Amino acid sequence: MQTLQPPTSLAAELRLPTNGLDYTILAIYFVVVLGIGLAARRSVKTSLDFFLSGRSLPAWITGLAFISANLAATEILGMAANSAQYGAYTVHWYWIGAIPAMVFLGLVMMPFYYGSKVRSVPEFLLLRFDKWAHLLSSFLFAFAAILIAGVNLYALAIVVEALLGWPQWVAIVVAGAFVLAYITLGGLSSAIYNEVLQFFVILAALIPISYLGLKKVGGWDGLTHKLDATHGHNFTTAWGGTGIGSANPLGANWLTIVLGLGFVLSFGYWTTNFAEVQRALSAKNLSAAQRTPLIAAYPKVFIVFLVMIPGLVAEALVPKIGTPGYYLQYNHAIPYLMRTLLPNGVLGIAVTGLLAAFMAGMAANVSSFNTVFTNDIWAKYVVRHRADEYYVGFGRLITVLGVAASVGTAFLASSFSNIMSYLQTLFSFFNVPMFVVFIVGMFWKKATPKSGFWGLLAGTVTAMLNYFWIYKQGIISIPSDQGANFVSAIAGFVAGAVVMFAVSLFTRPKPAEQLEGLVYGTTSPGMTEPPAAGDDAWYRRPALLGWGAVVLAALCYIPFAF
């Protein structure tokens, strides 16, 4: 097979040969999205409607929105970039780095979240600990949401630059304005119903890229043969070369993969990231809320193939991609394949799919940001006890400010060759320390109110010190950014847990009656509900759904084991 030689101009290489058919498909999609926003606006009458869809949505809607919110442009471009850089090790981010945590969220944590009737993840810390843990977690989450929304904006800018040849800063500003329009129209309902549509549009974009990419390189056998010859056999395996002390493309051993990614980073993201949990909180009852992440887990098992294969194909076709001084970065893997492989019409669907992915991820972060900032910061500590209409109006206003701030953080993301490495860095800083506070608080009654604040602060500072000082300054040699992220996550988790236990030894816990429904082994009226008619069907049983997803993910490892 002949390796494709890209031309010398990045703009010429990534500019997509679109025609009227492609733009027509794109225009139809935009009209539908705005129409959904306008329709959802009519249902927004209270702040609960705006921020949590009135807690009225069925499980299949919230489940598809849950996975679509995660399947953002950052996921597609980032995981394809991850595959081009690290190979088949990308499967770990799905089968060990997502499915178990999604199941844990549904079976164990959703009864606490939904049963306590909180409107956000940080609000749970207010009930379990105190206002200082709540305030710190709210600010950290709001800051992280803006940074991640900026990554989505930058990811879209790559696509728009390839599509229209616009400078990235123009694409970032225009795209931010469009998302702002449809999020402010219908609140969370607009975001969720659009995410359901976007899920199917995204699949329609990824399937042709993966299929035609495999066909170009001679199928899976042809792809693995070429990559084995240029990168070694471990590049196309999941666990090969991950022994402690062994070298592999990922720069991580099995212990850091299992603990750093499979436990700390994964559980930190999926169980405390309000951009995801918010979809489950909008479900109509506790059973639907529990099934939301479990329904999402099944497509998550297989989506890895649709993002991994394009990255591997791009690496096989352009071996210099991502190398220092070369104009094609790992982030360009998907746009490059779109330019090279897709005919008109299909190209329009692919572009629409990537834009849909961007809007899903951007909507998830913006809607969670406006909820946390309005309810957890503004309404509780700045302007209290105002009419409900005031907070709906303020939620729309803060959405405008959040999108504007995201435009600024998008330029920060542009400095990273692999945006997935950047995202994992953010998760290790913000999600992991929050997870340790949640997990200790939920399972240990003696964790005191003051331990929540100090544990969260210690975990965040430790993760940042490990990354910026120990790794970046070369105090300890870590082979890759992703390996450093795994170590930062472990360090942040351990530091947060140790500080929580230490502080709890010298401070007073809450009275037992104040912990009802907030600590494992206790119950509250909101955590129990009579089963609805038909709830004995297998697909309504959370435990069966959860364990089925875990077993399915484990079986998928077999062909990639070594």
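Predicted model, so just to flag it, every value in this text is computed and none were measured.
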Interatomic distance, CG@Leu125 vs CG@Leu136, rounded to 0.5 Å, equals 9.5 Å

request  = For the pair Thr62 (side chain) and Ala280 (backbone), establish whether a donor and an acceptor sit closer than 3.5 Å, ignoring hydrogens and angles.
outcome  = no

Value for CD (Glu195) from CD1 (Ile61), rounded to nearest 0.5 Å, stands at 11.0 Å

Determine, step by step, whether Phe199 and Phe66 satisfy the ring pair (Phe, Tyr, Trp, His ring centres under 6.0 Å) criterion, reporting the C-alpha distance in whole Å, the side-chain angles of both residues, the deciding distance to 0.1 Å, and the verdict. CA-CA 10 Å; Phe199 174 75; Phe66 188 98; over 10 Å; no

Original post:
Can you check whether Leu457 reaches Val461 side chain to side chain, under 4.5 Å on heavy atoms?
Top reply: yes

Checking Thr292, Thr271, Leu281 against Met110 for side chain to side chain contact (heavy atoms under 4.5 Å, CB included), the one that qualifies is Leu281

Of all heavy-atom pairs linking Ile202 and Gly353, the shortest is CG1-O, 3.6 Å

Contacts table for residues 433-449: side-chain donor-acceptor under 3.5 angstrom, sequence neighbours left out:
from: Thr448; atom 1: OG1; to: Ser451; atom 2: N; distance (Å): 3.4
from: Thr448; atom 1: OG1; to: Thr507; atom 2: OG1; distance (Å): 2.6

>> Centroid separation under 6.0 Å, is that true for the rings of Phe141 and Phe430?
In response: no

| said: Quick one about Gln278 and Thr371 (side-chain donor to acceptor, distance below 3.5 Å, no hydrogens or angles considered), yes or no? | reply: yes

- Report, as yes or no, whether the 6.0 Å neighbourhood of atom NZ on Lys300 holds more than 12 heavy atoms from other residues, nucleotides or ligands. yes

ask   = With distance as the sole criterion, is a donor-acceptor pair present between the side chains of Asn370 and Thr399 under 3.5 Å?
value = yes

Any heavy-atom pair between the side chains of Phe302 and Leu552 that's under 4.5 Å?
yes

| task | Say whether, by atom type as modelled, one donor and one acceptor occur between the side chain of Tyr114 and the main chain of Ser287 under 3.5 angstrom. | result | no

Heavy atoms of Gln198 and Ser68 approach each other most closely as CB-OG, 4.0 Å

### Query
Using 30° and 60° as the class limits, which term best fits the ring planes of Phe112 and Phe124: parallel, tilted or perpendicular?
perpendicular

* Candidate pair Ile67 and Ile303, rule side chain to side chain contact (heavy atoms under 4.5 Å, CB included), full reasoning -> CA-CA 10 Å; Ile67 189 62; Ile303 285 172; 4.1 Å; yes

CG of Leu259 to OG of Ser266, rounded to nearest 0.5 Å, is 12.0 Å

task: Could you tell me whether His385 and Tyr390 have their ring centroids closer than 6.0 angstrom?
output: no

In short, Ala69 meets Arg279 closest at the heavy-atom pair CB-NE, 4.0 Å

Taking the ring centre of each residue, are Phe274 and Phe369 less than 6.0 Å apart?
no

Residue pairs meeting salt bridge (charged side-chain N to carboxylate O under 4.0 Å, His left out), one or both in residues 122-143, sequence neighbours left out, come to Glu123-Lys380

query: Going by atom types alone, do Asn70 and Tyr269 pair a side-chain donor with an acceptor below 3.5 Å?
result: yes

Within-4.5 Å side-chain heavy-atom neighbours: Tyr113 and Thr272 = yes

* To do: Determine whether Leu518 and Ser116 make a side-chain contact, defined as any pair of heavy atoms from C-beta on separated by less than 4.5 Å.
  => yes

For Ser428 and Ser488, the nearest pair of non-hydrogen atoms, with its separation, is OG-CB, 4.0 Å

Is the closest side-chain heavy-atom distance between Met102 and Glu276 below 4.5 Å?
no

Report yes if the side chains of Leu426 and Ile148 come closer than 4.5 Å at any heavy-atom pair, otherwise no. yes

Practice problem: Compute the ring centroids of Tyr381 and His134, then answer whether they are less than 6.0 Å apart. | Solution: yes

- prompt: Any donor and acceptor pair, going by atom type alone, linking the side chain of Ser368 with main-chain N or O of Asn365 inside 3.5 Å?
  reply: yes

If you take the centroid of each ring, where Trp contributes its six-membered ring, are Phe468 and Phe429 closer together than 6.0 Å?
yes

key: Exam field: side chain Trp95 to backbone Val301, donor-acceptor pair closer than 3.5 Å   = yes

* **His92 vs Tyr557, ring pair (Phe, Tyr, Trp, His ring centres under 6.0 Å): CA-CA, chis, key distance, verdict** => CA-CA 9 Å; His92 294 310; Tyr557 262 120; 5.6 Å; yes

Is there a donor-acceptor pair under 3.5 Å between the side chain of Lys510 and the backbone N or O of Phe129? yes

Side chains of Ser120 and Asn375: closer than 4.5 Å at any heavy-atom pair? no

When you measure from the side chain of Gln290 to the backbone N and O of Gly106, does any donor-acceptor pair fall under 3.5 Å?
yes

| message | Can you confirm whether more than 12 heavy atoms, excluding those of Phe305, are under 6.0 Å from its CZ atom? | response | yes

Here the gap from Asn82 atom CG to Thr90 atom OG1, rounded to the nearest 0.5 Å, amounts to 4.5 Å

Do Phe501 and Leu505 have side chains that get closer than 4.5 Å, going by heavy atoms? no

When every non-hydrogen atom of Ala549 is compared with those of Ile99, the smallest separation belongs to O-CG2, 3.6 Å

Rounding to 0.5 Å, atoms OH (Tyr467) and OG1 (Thr425) come to a distance of 4.0 Å

Interatomic distance, CG@Leu197 vs CG@Leu64, rounded to 0.5 Å, equals 11.0 Å

